[in-house]
There are 2 protein chains.
Amino acid sequence: MAVVKVTMAQVAREAGVSLSLVSLAFRDAYGVSEKTKEHILATAKRMNYQPNTVAARLARKADDTLGVFLLDLRNEVFVDMFDGMRASATEAGRELVLSVGSTGGELDRGALDSLIRARVDVAVAAGLLLPDEVLAKYRGRLRLVSVARVVPGFDSVDCDNRLGAALATQHLLDLGHRRILHLANRPSDGYLERRIGFEQTVRAAGLTPWVIDVDYSRDAAAAAIGPILDSALDSAQRPTAVLAHNDQMALGVLDALHERGLRAPHDLSVAGYDNTTLSRTPGIALTTVDLHAVDLGRQAAELAIWRSANPDEPVVVKTSTPTLVVRGSTGPPAD
Amino acid sequence: MAVVKVTMAQVAREAGVSLSLVSLAFRDAYGVSEKTKEHILATAKRMNYQPNTVAARLARKADDTLGVFLLDLRNEVFVDMFDGMRASATEAGRELVLSVGSTGGELDRGALDSLIRARVDVAVAAGLLLPDEVLAKYRGRLRLVSVARVVPGFDSVDCDNRLGAALATQHLLDLGHRRILHLANRPSDGYLERRIGFEQTVRAAGLTPWVIDVDYSRDAAAAAIGPILDSALDSAQRPTAVLAHNDQMALGVLDALHERGLRAPHDLSVAGYDNTTLSRTPGIALTTVDLHAVDLGRQAAELAIWRSANPDEPVVVKTSTPTLVVRGSTGPPAD
DNA sequence: GTGAAAGCGCTAACAT
DNA sequence: ATGTTAGCGCTTTCAC
């Protein structure tokens, strides 16, 4: 299990050229004759040489590495975003350093610090949970592009969540629902838009919004909706439809229904948010809002790359438009 | 968006001490008086200093960084493994460098090379697809701990897939099934055990194994099973049960059933493999085999850490035991 | 307990 | 086109 580490200097010696030539040959290759370049690359290959990116990143003054923070790999929407980021990073020939939030605890805090320690040029962050004022402390220390959340003072690529929630809510209203419950995430900076979109739309229909805050998780959503389904209240007071903050939480609602022998949309219409592959699964068929996560990821990485070349331009906020995807989990109310 | 980079030298100057003291203070702290240590840490904090891990890794002779390769973030089993890896890496205070396979193309090839370039001490790899002989070329260049696949010449943490497949198959046999189809992955080094476990168990019951090779994906599985469901053959020749290579592919089978207005287990019993959270979803409720992915990840990272301290010990192969999880997607045959 | 100095393996001027 | 040399920001002897 001994490991041999080949250095550039060894390749240079073996090839009978100077260090810098090898360095050049492995990069732009301008100013290196085609012949020596081939010779160098050939010897390098024969020696199984792989350039040391750690040393390269240290030596390179302006670092061109992109950092990525993802809140949670279990929520596929972040994986979608990552795919998009990687696509544009690859096209631009940028390295990517991944940092994943650990569930619970100081999630993003540690992850952002680790990106600073890794001295990434720009960090693309999806699922930042820290309040605006805490993030503000990162200004001047880390260039940040926030995905799917607007953070004052930083670049961001957002999707109009207010609109998305409005679309889903209107869909439920159009189906005839009047008692619609919104399972919202706990109020926090940058993540209030879905709630607002819901409330505005419900009010516009002359109804009073009904919102419950729930922790961001499938199980928490199931636990929250359970008592409501069980309540001995006059059924006229129970919701006929639920809009969940995201697909994961919508899944929790389905879990709770299933435990009670109920099902969507017959006993309750259920709508989610994110359009993860979960939602297209038969037996789930979740009506949901597509925020085009892959595309958001692409754009965020592109913005990050642009930013590293334009450090002095003012903050950029891009916003895209979500789409409603109607599937089988929503339908007219039973009564 | 200008970013200020604080260096250790600046902290040293500001604190009025030498570089080495700052370096020491940030690590073991042996040989630094409690007083100066506190003073240094305080100034560092005031200056928002974060140690540069890139420089640190270059300077440190023996690198203690763990590399991680994951084939695919969309398969939750890899995320489970990652959770386990991170848990033990964190406990041991090791840095983690993540490399994710891109779907399609030279998946692991590039990812492994990138871990070599990052000069990780040991790489923990989940979902290696390269044939044994290609991986053999990495000997002497990269220390590898393979998860859920045995690779000759390298350390590995495996789960007895032959047994797992046998458990699932026996379960189907016990239910009374006689025409069981195994949707296997394409034969490749290290991933034949499930197939073998299936075949052995079916033969032991005096039956002839029925196996179809399918690409590793939900859609491919759906496409493969579709024609079989549609076949105008005498129903006596259609399968009454399917064992899929993993949960993703089992989901593809459910997709195909659903498209045709059929359902499990009534029209076809379906069993998967991996016990991802997908499988516990109501409306899916997949019978599956739990290979305890989080635990595999933990053990793999622990083995990797042990290996970096014991480079000369012989290759280690650990094997754990999977568990059958029976849910609603399997039942007695209809006829 | 503390400081000085020599690298780690590259990149990027700057020479030639 | 090619070679020389000075760092990049740390860690790590080795003196004091």
Side-chain angles (χ1 to χ4, degrees), chain A residues 3-41 43-44 47-65 93 95 114 116-121 141, chain B residues 3-41 43-44 47-65 93 95 114 116-121 141:
Chain A
V3 168
V4 183
K5 309 211 174 180
V6 186
T7 71
M8 197 175 254
Q10 292 172 36
V11 176
R13 199 177 319 125
E14 178 82 14
V17 296
S18 74
L19 231 194
S20 30
L21 268 189
V22 180
S23 177
L24 290 173
F26 264 92
R27 295 173 293 138
D28 44 46
Y30 261 125
V32 184
S33 75
E34 206 51 36
K35 216 181 100 212
T36 41
K37 183 183 162 190
E38 275 173 30
H39 174 229
I40 289 169
L41 261 31
T43 27
M47 298 174 75
N48 267 331
Y49 171 70
Q50 294 280 2
N52 182 332
T53 52
V54 179
R57 291 188 52 206
L58 180 61
R60 205 158 37 204
K61 294 278 301 179
D63 200 333
D64 56 358
T65 303
E95 280 178 56
S114 94
I116 293 183
R117 286 194 294 270
R119 296 294 190 274
V120 299
D121 188 32
R141 306 209 290 130
Chain B
V3 168
V4 183
K5 308 212 173 180
V6 186
T7 71
M8 197 174 254
Q10 292 172 36
V11 175
R13 198 177 319 124
E14 178 79 15
V17 296
S18 72
L19 232 192
S20 25
L21 268 189
V22 180
S23 177
L24 290 173
F26 264 92
R27 295 171 294 137
D28 46 43
Y30 261 124
V32 184
S33 74
E34 206 52 38
K35 216 181 100 214
T36 40
K37 182 183 162 188
E38 275 173 29
H39 174 230
I40 290 170
L41 261 31
T43 25
M47 300 174 74
N48 266 331
Y49 172 68
Q50 294 279 1
N52 182 331
T53 51
V54 178
R57 289 187 54 205
L58 180 59
R60 207 158 34 205
K61 296 278 300 179
D63 199 333
D64 56 0
T65 303
E95 281 177 56
S114 95
I116 292 183
R117 286 194 294 271
R119 295 296 190 271
V120 299
D121 188 33
R141 305 208 289 131

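Atom set for the values below is all heavy atoms of this structure, side chains included, hydrogens, waters and symmetry mates excluded. So you know, we letter chains A, B, ... as the sequences are listed, proteins then strands, and number each from 1. Because the structure is predicted, anything quoted here is derived from the model rather than measured.
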List the atom of [X], the atom of [Y], and the distance in Å for their closest heavy-atom pair.
| X | Y | answer |
| --- | --- | --- |
| B:Arg141 | B:Ile116 | NH1-CD1, 3.8 Å |
| A:Ala9 | A:Leu19 | N-CD2, 4.1 Å |
| B:Val6 | A:Arg119 | O-NH2, 3.2 Å |

Inset, instruction - Grab the CG-C1' distance between A:Leu24 and D:dT2 for me, whole Å please. - result: 9 Å
Legend entry - Whole-Å distance separating the NZ atom of A:Lys37 from the P atom of D:dT2: 13 Å
Inset, instruction - Summarise protein proximity over nucleotides 5-10 of chain D in one line of letters, 5' to 3': B for base, S for sugar-phosphate only, - for none, counting protein heavy atoms closer than 4.0 Å. - result: --BBBB
Legend entry - Test item: A:Thr7 side-chain N/O and A:Gln10 main-chain N/O as donor-acceptor pair under 3.5 Å: yes
Legend entry - Donor-acceptor pair, side chain of A:Arg57 and main chain of A:Ala118, under 3.5 angstrom: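 Present.
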Inset, instruction - Please name the residue in the list B:Val32, B:Thr43, B:Val22, B:Val11 that meets the side chain to side chain contact (heavy atoms under 4.5 Å, CB included) test with B:Val17. - result: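 Option passing the side chain to side chain contact (heavy atoms under 4.5 Å, CB included) with B:Val17: B:Val22.
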Legend entry - Verdict with supporting geometry, A:Val54 and B:Val54, side-chain contact (heavy atoms from CB on, under 4.5 Å): CA-CA 6 Å; A:Val54 179; B:Val54 178; 4.0 Å; yes
Legend entry - Start and end of the DNA chain C segment that chain A contacts, any atom under 4.0 Å from a heavy atom: C:dG9 to C:dA12
Legend entry - Approximate separation, where rounding is to 0.5 Å, of A:Ile40 CD1 and A:Leu21 CG: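 So the gap between those two atoms works out to 5.0 Å.
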